[in-house]
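Below, read A as the first sequence line, B as the second, and so on, with proteins coming before strands; counting in each chain starts at 1. No experiment lies behind these values; they were computed from the predicted model shown.
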Amino acid sequence: MSKVRTRFAPSPTGFMHLGGLRTALYAYLYAKANGGDFILRVEDTDQQRYVEGAVELIYSSLLESGLKYDEGPDIGGNYGPYIQSERKHIYGEYAKKLVELGGAYYCFCSKERLESLTDENGNRKYDKHCLKLSKEEVERRIASGEPYVIRQNIPTEGTSSYEDLIYGRIDVDYKELEDNVLIKSDGMPTYNFANVIDDHLMGITHVIRGTEYLSSTPKYNLMYDAFGWERPVYIHLPTIMKDATRKLSKRYGDANFDDFVSKGYLKEAIINYVALLGWAPKDNSEKMTLTEMVEKFSLDGISKSPSIFDEVKLRWLNGEYVKALTDEEFYDIARPFLEKSKVNGVFDLKKIAKLLHSRVDVLGEIPEKIDWLAELTPYDLALFDNKKNKTSADVARDLLPKIKETILAIDEFENDKIFATLSEKAGEFGVKSGAIFWVLRIAITGQSVTPGGATELAALIGKDETVKRIDYSLSLLG
RNA sequence: GGCCCCUUGGUCAAGCGGUCAAGACAUCGCCCUUUCACGGCGGUAACACGAGUUCGAUUCUCGUAGGGGUCACCA
């Protein structure tokens, strides 16, 4: 059997969408799991939708997520060029050939005529009007400069079938298909044509793409057959949904790789999570490196039904990746987020990072977790309520002055010392030490969940600030 | 609407004729830490429905319902 070759063929229309990223990932995994090559091809035949810089974004997203392609526009290969707009002449040639083979024909119909074909349901199906044109008339009209397109000639009856590796046998009646445009009036091919020509010319053995092509694949097979080419193996992938009824789409703006990266998700975690949407390895592993995914990848683990994107689980996975980092690594990647916080320039960021490390799932939430450190503002006194430690606002009102006094007496204001000193006072104060820490923590932070224990935080903000905040809390308590 | 496809807990998902129907996230509870978190342990929770086939269906077939996809000079 020939070497497996898969491809990822995005359009440069904007950011790298997570759905697209998953398609790329599976194409990559399938190729690598089978010792094959993974190719990148840019499908930029629609000049209207072209977005400046999008091509570069495709390169960088793929690079960052580790999906290293063996051939592509920026790295070359033996089957180039890998950008469709640079292959325009190739399509024209093959289109002409397909016309000769009877698989396509020239069409001169006006937009108005096409629109008049719309039925009561708003659907439109081309009526093969120009198929009847004589060869002479076609040549004459082309020579006179009349604009034209080339349409695929689809049989009016019969059924086409093929075997999809995920969905099994797919049957579609030809009468459901339309004579789509293959070459547009500007000379550019449509996806319908270019994908077939390129996949064949580039030696693609396995076509991996979304289910939106499941029922139009017979059209492509018709062309492979007409040219006498071997049809590729098809692997269609289920959609990723935003919720039960809505597709995860660019329109919602929150489904781009870059968005998640800037929100503080690690690239490895994003790829890992996306891999799990629609695929489960035999051993049910969840946290996996790309290399492990290659080792475990197999098509029978891919599901047929759409799956809903769950950011909550992504958060968890991301947290796993974050915790696996060393403190130094964490500080490095957390730094931009720490610097965005209000505590930047006030407290030692490295110390804060250490406290934060085991308490952060997504880096983007760092500022909100520590902004309060810069300044204590009014908070809900109900935070003092804690049943386990038997604390309340009343208890706090009574305890805080004693705690303050104790703290004032501490010379070396560092965590261990503060902790030990306050612990010893529990008996004297007539409460559990847990109560002291709970009350102190709330009094100096005003937060229910904090990046560190009471004494760690006290040490971080310093003795003066700690005392100042205790006074402030006492004033709130009245 | 026509056609194609899909249907296991709130979510991701194991399962591929006989299971007390895995696991993960989330949720709830307990424990640990004489401080927050981390961590550990446990609970709640699912085969869309109806007919078949079969000794036996989550698993096979058909239908119903629900959902998705598609019907462009977009990919």
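- For the segment residues 157-174 of chain A, residues with any heavy atom less than 4.0 angstrom from an atom of RNA chain B are, sorted by number, A:Tyr167, A:Arg169, A:Ile170, A:Asp171.
- Listed by chain and residue number, nothing satisfies the ring-ring contact (aromatic ring centres under 6.0 Å, His included) test with A:Tyr224 (two or more places apart in sequence, or in another chain).
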Polar atom pairs between nucleotides 29-39 of chain B and protein, under 3.5 Å, N or O only, would you list them?
{"unit_1": "B:U33", "atom_1": "O4", "unit_2": "A:Lys388", "atom_2": "NZ", "d": "2.7"}
{"unit_1": "B:U34", "atom_1": "O2'", "unit_2": "A:Ser433", "atom_2": "OG", "d": "3.3"}
{"unit_1": "B:U34", "atom_1": "N1", "unit_2": "A:Ser433", "atom_2": "OG", "d": "3.0"}
{"unit_1": "B:U34", "atom_1": "O2", "unit_2": "A:Ser433", "atom_2": "OG", "d": "2.7"}
{"unit_1": "B:U35", "atom_1": "O2", "unit_2": "A:Ala454", "atom_2": "N", "d": "2.6"}
{"unit_1": "B:U35", "atom_1": "O2", "unit_2": "A:Thr455", "atom_2": "N", "d": "3.1"}
{"unit_1": "B:U35", "atom_1": "N3", "unit_2": "A:Thr455", "atom_2": "OG1", "d": "3.1"}
{"unit_1": "B:C36", "atom_1": "O4'", "unit_2": "A:Arg441", "atom_2": "NE", "d": "3.2"}
{"unit_1": "B:C36", "atom_1": "O2'", "unit_2": "A:Thr450", "atom_2": "N", "d": "3.0"}
{"unit_1": "B:C36", "atom_1": "O2", "unit_2": "A:Arg359", "atom_2": "NH1", "d": "2.3"}
{"unit_1": "B:C36", "atom_1": "O2", "unit_2": "A:Thr450", "atom_2": "O", "d": "2.7"}
{"unit_1": "B:C36", "atom_1": "O2", "unit_2": "A:Gly452", "atom_2": "N", "d": "2.9"}
{"unit_1": "B:C36", "atom_1": "O2", "unit_2": "A:Gly452", "atom_2": "O", "d": "3.1"}
{"unit_1": "B:C36", "atom_1": "N3", "unit_2": "A:Arg359", "atom_2": "NH1", "d": "2.2"}

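- Listed by first then second residue, pairs satisfying salt bridge (charged side-chain N to carboxylate O under 4.0 Å, His left out) with a partner in residues 185-199 of chain A read A:Arg7-A:Asp199, A:Arg41-A:Asp198, A:Arg41-A:Asp199, A:Arg87-A:Asp198, not counting sequence neighbours.
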Can you name the atoms? Protein N/O to nucleotides 21-28 of chain B N/O, anything below 3.5 Å, with the distance.
{"unit_1": "B:A22", "atom_1": "N1", "unit_2": "A:Asn284", "atom_2": "OD1", "d": "3.4"}
{"unit_1": "B:A22", "atom_1": "N1", "unit_2": "A:Asn284", "atom_2": "ND2", "d": "3.3"}
{"unit_1": "B:A24", "atom_1": "O4'", "unit_2": "A:Glu286", "atom_2": "OE1", "d": "3.2"}
{"unit_1": "B:A24", "atom_1": "O2'", "unit_2": "A:Glu286", "atom_2": "OE1", "d": "2.3"}
{"unit_1": "B:A24", "atom_1": "O2'", "unit_2": "A:Lys313", "atom_2": "NZ", "d": "3.3"}
{"unit_1": "B:A24", "atom_1": "N3", "unit_2": "A:Lys313", "atom_2": "NZ", "d": "3.0"}

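- Within the structure, ring pair (Phe, Tyr, Trp, His ring centres under 6.0 Å) contacts touching residues 169-191 of chain A (residues at least two apart or in different chains) are A:Tyr191-A:Tyr213.
- Screening residues 148-158 of chain A for side chain to side chain donor-acceptor pair (under 3.5 Å) gives A:Lys128-A:Asn153 as the qualifying pairs, with residues at least two apart or on separate chains.
- Applying the salt bridge (charged side-chain N to carboxylate O under 4.0 Å, His left out) rule to pairs touching residues 10-24 of chain A yields nothing, sequence neighbours excluded.
- For the ring-ring contact (aromatic ring centres under 6.0 Å, His included) test, residues two or more places apart in sequence or in another chain that qualify with A:Tyr273 are A:Phe309.
- With sequence neighbours left out, A:Phe419 forms a ring-ring contact (aromatic ring centres under 6.0 Å, His included) with A:Phe437.
- Scored by the ring-ring contact (aromatic ring centres under 6.0 Å, His included) test, A:Trp279 finds A:Phe297 as partners (sequence neighbours excluded).
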Letter by letter from the 5' end, nucleotides 64-72 of chain B scores (B base, S sugar-phosphate only, - none; protein heavy atoms under 4.0 Å) ---SSBS-S
